[in-house]
Amino acid sequence: MKIKNAIVALTITSVMMIPVCSCQQTQRDNPLLQKSTLPFGAPDFNKIQYADYLPAFEAAIKETQDNIQKIVENTDSPTFENTILPYEESGRTLDRVSRVFFALASADKTPEISEMEKKVTAMMTELNNEIMFNKPLFNRIRQVYDNEYKNLEGEEKKLLEEIYKEFVREGALLPDEQMERMKAINLRISDLQQQWGDMLPEATNNAVVWVENKEQLAGLTEADIEQCKKDAENLGGKAPYAIVIVNTTQQPLLTSLDNRDLRHQVYEASIHRSDGTGKFNTYALVSEIAKLRAEQAELMGYPNYASYSLEKTMAKTPENVYAFLKSLIKQYTPKADAETKAIEDFARQTEGPDFHLEPYDRFYYSAKMKKQQLNVSDDEVKPYFNVDSVLINGVFYAANRAYGLTFKERTDIPFYHPDMKAYEVFDKDGKSKALFYCDYFRRPTKRGGAWMDGFAKQSRQWEQLPMIFNVCNNAKAPEGKPSLLTWDEVTTMFHEFGHALHSILSDCKYNRLSGTSVARDFVEMPSQFNESFASIPEIFDHYARHYETGENMPADLKKRMLESINFQTAYALGENLAATCVDLAWHMLPSNKIPKPEEAAAFETEALKQVGLLNPQIPPRYYTSYFNHVWGGGYAAGYYSYLWTEVLAVNIADIFAKRGALDPATGSDFCNKILSRGNTGDLMQMFTDFTGMKQPDASVLLKARGL
């Protein structure tokens, strides 16, 4: 992923908590229930204890319920001022408590936190049901919508529209019997997603491949071998070395491992981590979640969940998404076949004419082929990608050149984990703009992937500046050694900071509308666009410095490295297309056609076959059984958005290139027309306002990927 699904106002679908304290507490004692005295109102992790969370949630829920009741009991005629604004304010304490806890639940999920997830998930889902199906409350909101919507303007109009449509989409207009069924479905889905959130990280951690001797790790660098040793120690030391499994299907170390049997083991561990063949069987969860989502859609009058979900996006309908995908698949397929043949032919030069390329071989021989043809490898360039230099001299420097932002490290801000850092962000006039946290290194308590979220969103109404964090899963080097990155990890840092900028530069009145509170097929655009800065020569030269000497990457190596970015990129497009089509296939079904758990794998295979993407050489980036974006996150029927927004991002990058990629006037225009506006207007119109284009131009995507 590359953005965590931020929870706005009161609609909370996945909440995690820590055990109840045996002692009594008052609200005055609980640091979560009082506004922090730290800069920006930052959470004081020096004071917050496990025992604080449950009382804080209970008190915040009670406060929210009381605030809602005051709205309902108001005998004055409903207005924007006495109904919509109090509703927007009603869950403010709950928002603060939830955001602090969600950060830990994703990035530092200890056994204590995991223990309380089920209880609090139920509490929060029940609260959501209580509010969304509160008929007197909705009647007041509907009266305001009917009487005032046409006369409102700007953010007030958008806020009313978003709140009214949220209630309608949740089922506020349903008959009583169907409303009760929707409540039950909501509770059950939240419970199933809670189980998913427990099982998948455990399955991934359990899928580790133990290695008995260093000779088996031939091909890896000494730094990688040292990391395998460190991972083995952290995971209990069942063998001297361990290869951990990351969240995607393909594993990074497969590019270097000489031992084919070990490559095979690693790949098998990845794809079978939770596929029903052992202890960690997620198919039962998948099948039931898919069926309940389909039933939700049917209750709301839609033929399937995809139709229901996509209505609120830029794409609008499944038909529009499929038309977009089919055009890509048609152009992509021959290029993918040619790429596979080229790699297999290359491998046969050393392995013999009968060698058959397997998916666990692809990265290995592709890397050797790249080394031979372009004379560049990850091991050669990693010394120039020190994580600290990438952040300070790359990510921050680009934001300074494009938007005039500057960054100052804050050593007085407490963290939930010692690996973190925090920076105060200032605008071009030196005015404090935001607080930015980064948490870049993997650990067993952190879920896979990379994401952005925040302890607080920007809101002029709340007089709140944003507190934003980026989380990644980079390997942390042993003490005294540099943490070096691959090019993919470099671009991931730029990507996640693009999400951060969407919130840091937000300038909206209402919390509900600010920052990244936009449709899924728009939210990934600022992040994908921000990746383009990583390879701009001035930016690249500023951060790509050798970790020992501080010297720039030599010109020849730089040229070869940048040329290699689009080397054999059919794979990356194909794995994304396959995952996207798997996601849509599950969510295009009516409730009576959802596969049973034992049918899930076969259904997935057939779905890929139907769209021409059943290619053993290019498997989905995520198979169904560990597709967290879809079953545990907010991307159900929405994973296509990565490709959709990549088109938007390329179109925008072209505008930057024409006007001057680092021209402050261009950055200011982009900020004013898109990044600062959150969800305060029509998203397509925002795109048009900046680019001058009535519609995105999808034809640029394959060219941008070198295809």
Side-chain angles (χ1 to χ4, degrees), residues 1-6 248 313-315 321 324-325 328 332 390 394-395 398-399 402-403 449-453 468 470-472 487-505 515-516 518-536 539-540 565-566 569 571-577 579-580 621 629 633-635 638-657 661 666-667 670-671 673-675 677-678 683-684 686-687 690-691 693 695-707:
M1 150 176 191
K2 298 201 174 180
I3 179 171
K4 185 177 179 293
N5 185 24
T248 52
T313 66
M314 293 182 75
V321 175
F324 169 67
L325 295 174
L328 290 178
Y332 146 85
V390 173
V395 172
Y403 309 110
W451 63 93
M452 163 267 170
D453 209 327
I468 306 303
N470 279 172
V471 185
C472 295
W487 176 250
D488 283 345
E489 289 166 338
V490 169
T491 56
T492 294
M493 284 179 61
F494 275 86
H495 179 108
E496 295 308 331
F497 196 71
H499 286 307
L501 286 170
H502 202 175
S503 287
I504 289 170
L505 294 171
T516 58
V518 297
R520 277 285 171 220
D521 55 6
F522 192 81
V523 77
E524 292 294 338
M525 179 276 291
S527 55
Q528 301 214 67
F529 162 68
N530 204 59
E531 291 182 31
S532 67
F533 285 109
S535 56
I536 290 176
I539 306 298
F540 186 90
I565 291 174
N566 283 330
T569 52
Y571 183 95
L573 178 57
E575 67 169 356
N576 198 317
L577 284 167
T580 294
R621 183 170 175 81
H629 288 75
Y635 281 80
Y639 195 70
Y640 77 92
S641 62
Y642 284 101
L643 292 171
W644 183 278
T645 54
E646 188 176 347
V647 170
L648 305 180
V650 173
N651 290 162
I652 286 170
D654 286 345
I655 298 297
F656 266 76
T666 307
F670 183 55
C671 176
K673 292 177 178 175
I674 293 182
L675 293 181
R677 296 192 59 198
L683 300 177
M684 184 61 77
M686 290 184 195
F687 174 81
F690 178 72
T691 64
M693 302 165 63
Q695 293 291 329
D697 178 9
S699 68
V700 300
L701 180 59
L702 293 182
K703 181 181 178 181
R705 283 182 172 245
L707 294 171

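Values below: every heavy atom of this structure, side chains too, minus hydrogens, waters and symmetry copies.
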_Using the rule given for side chain to side chain contact (heavy atoms under 4.5 Å, CB included), can you reason through Leu573 versus Leu702, listing the C-alpha separation, both sets of side-chain angles and the distance that settles it, and then say yes or no?_
CA-CA 9 Å; Leu573 178 57; Leu702 293 182; 3.3 Å; yes

*How far does OH of Tyr571 sit from CZ of Arg621, to the nearest 0.5 angstrom?*
9.0 Å

*Does Asp488 offer a backbone N or O that forms a donor-acceptor pair with the side chain of Thr491 under 3.5 Å?*
yes

*Considering non-hydrogen atoms only, spot the tightest contact between Ile539 and Ala398 and give its length.*
CD1-CA, 3.7 Å

_Are Thr569 and Asn566 packed together at the side-chain level, in the sense that at least one heavy-atom pair is separated by less than 4.5 angstrom?_
yes

_Is the distance between the ring centroids of Tyr642 and Tyr635 under 6.0 Å?_
yes

*Measure across Ile536 and Ser532 and return the closest heavy-atom pair with its distance rounded to 0.1 Å.*
CG1-O, 3.6 Å

*Do the two ring centres, one from Phe533 and one from Phe540, sit under 6.0 Å apart?*
no

*Check step by step if side chain to side chain contact (heavy atoms under 4.5 Å, CB included) holds for Asn576 and Tyr639.*
CA-CA 9 Å; Asn576 198 317; Tyr639 195 70; 3.6 Å; yes

_Value rounded to 0.5 Å, distance of CE in Met493 from SG in Cys472_ = 6.5 Å

*Any idea which heavy atoms bring Phe497 and Ala399 closest together, and the distance?*
CE2-CB, 3.9 Å

*Rounded to the nearest 0.5 Å, how far does CH2 of Trp644 lie from CZ of Phe324?*
6.5 Å

*Under 4.5 Å between any side-chain heavy atoms of Asp654 and Thr691, yes or no?*
no

*Do the ring centers of Phe656 and Phe670 come within less than 6.0 Å of each other?*
yes

*Interatomic spacing from CZ in Phe687 to NZ in Lys673 - rounded to 0.5 Å*: 12.5 Å

*Do Leu501 and Pro526 have side chains that get closer than 4.5 Å, going by heavy atoms?*
no

*Check the pair His499 / Ser527 against side chain to side chain donor-acceptor pair (under 3.5 Å), numbers first and verdict last.*
CA-CA 5 Å; His499 286 307; Ser527 55; 3.1 Å; yes

*Closest non-hydrogen atom pair between Glu646 and Gln528, with its separation*: N-NE2, 3.4 Å

*Taking all non-hydrogen atoms of both residues, which atom of Val321 and which atom of Ala315 are closest, and how far apart?*
CG2-CB, 3.6 Å

*asked:* Does any part of the side chain of Met314, heavy atoms only, come nearer than 4.5 Å to the side chain of Leu648, both counted from C-beta?
replied: yes

*Hey, does Phe690 have a side-chain heavy atom less than 4.5 Å from the side chain of Thr666?*
yes

*Arg705 CZ to Leu328 CG distance, which is reported to the nearest 0.5 Å*: 9.0 Å

_Chi angles and distances behind the side chain to side chain contact (heavy atoms under 4.5 Å, CB included) call for Phe522, Ile674_ = CA-CA 11 Å; Phe522 192 81; Ile674 293 182; 4.0 Å; yes

*Can you find a pair of side-chain heavy atoms, one from Val523 and one from Thr645, that are under 4.5 Å apart?*
no

_Return the NE2 to CD distance between His495 and Glu531, rounded to the nearest 0.5 Å._
6.0 Å

*Trace of the side chain to side chain contact (heavy atoms under 4.5 Å, CB included) decision for Ile655 with Asn651*: CA-CA 7 Å; Ile655 298 297; Asn651 290 162; 6.0 Å; no

*Any side-chain heavy atom of Leu643 sitting closer than 4.5 Å to one from Leu325?*
yes

*asked:* Testing the basics here: between Ala649 and Phe529, what is the closest heavy-atom pair and its distance to 0.1 Å?
replied: CB-N, 3.5 Å

*Considering the options Asn530, Ile468, Leu675, which one meets the side chain to side chain contact (heavy atoms under 4.5 Å, CB included) requirement together with His502?*
Leu675

_Do Ile504 and Tyr403 have side chains that approach each other closer than 4.5 Å (heavy atoms only, starting at C-beta)?_
no

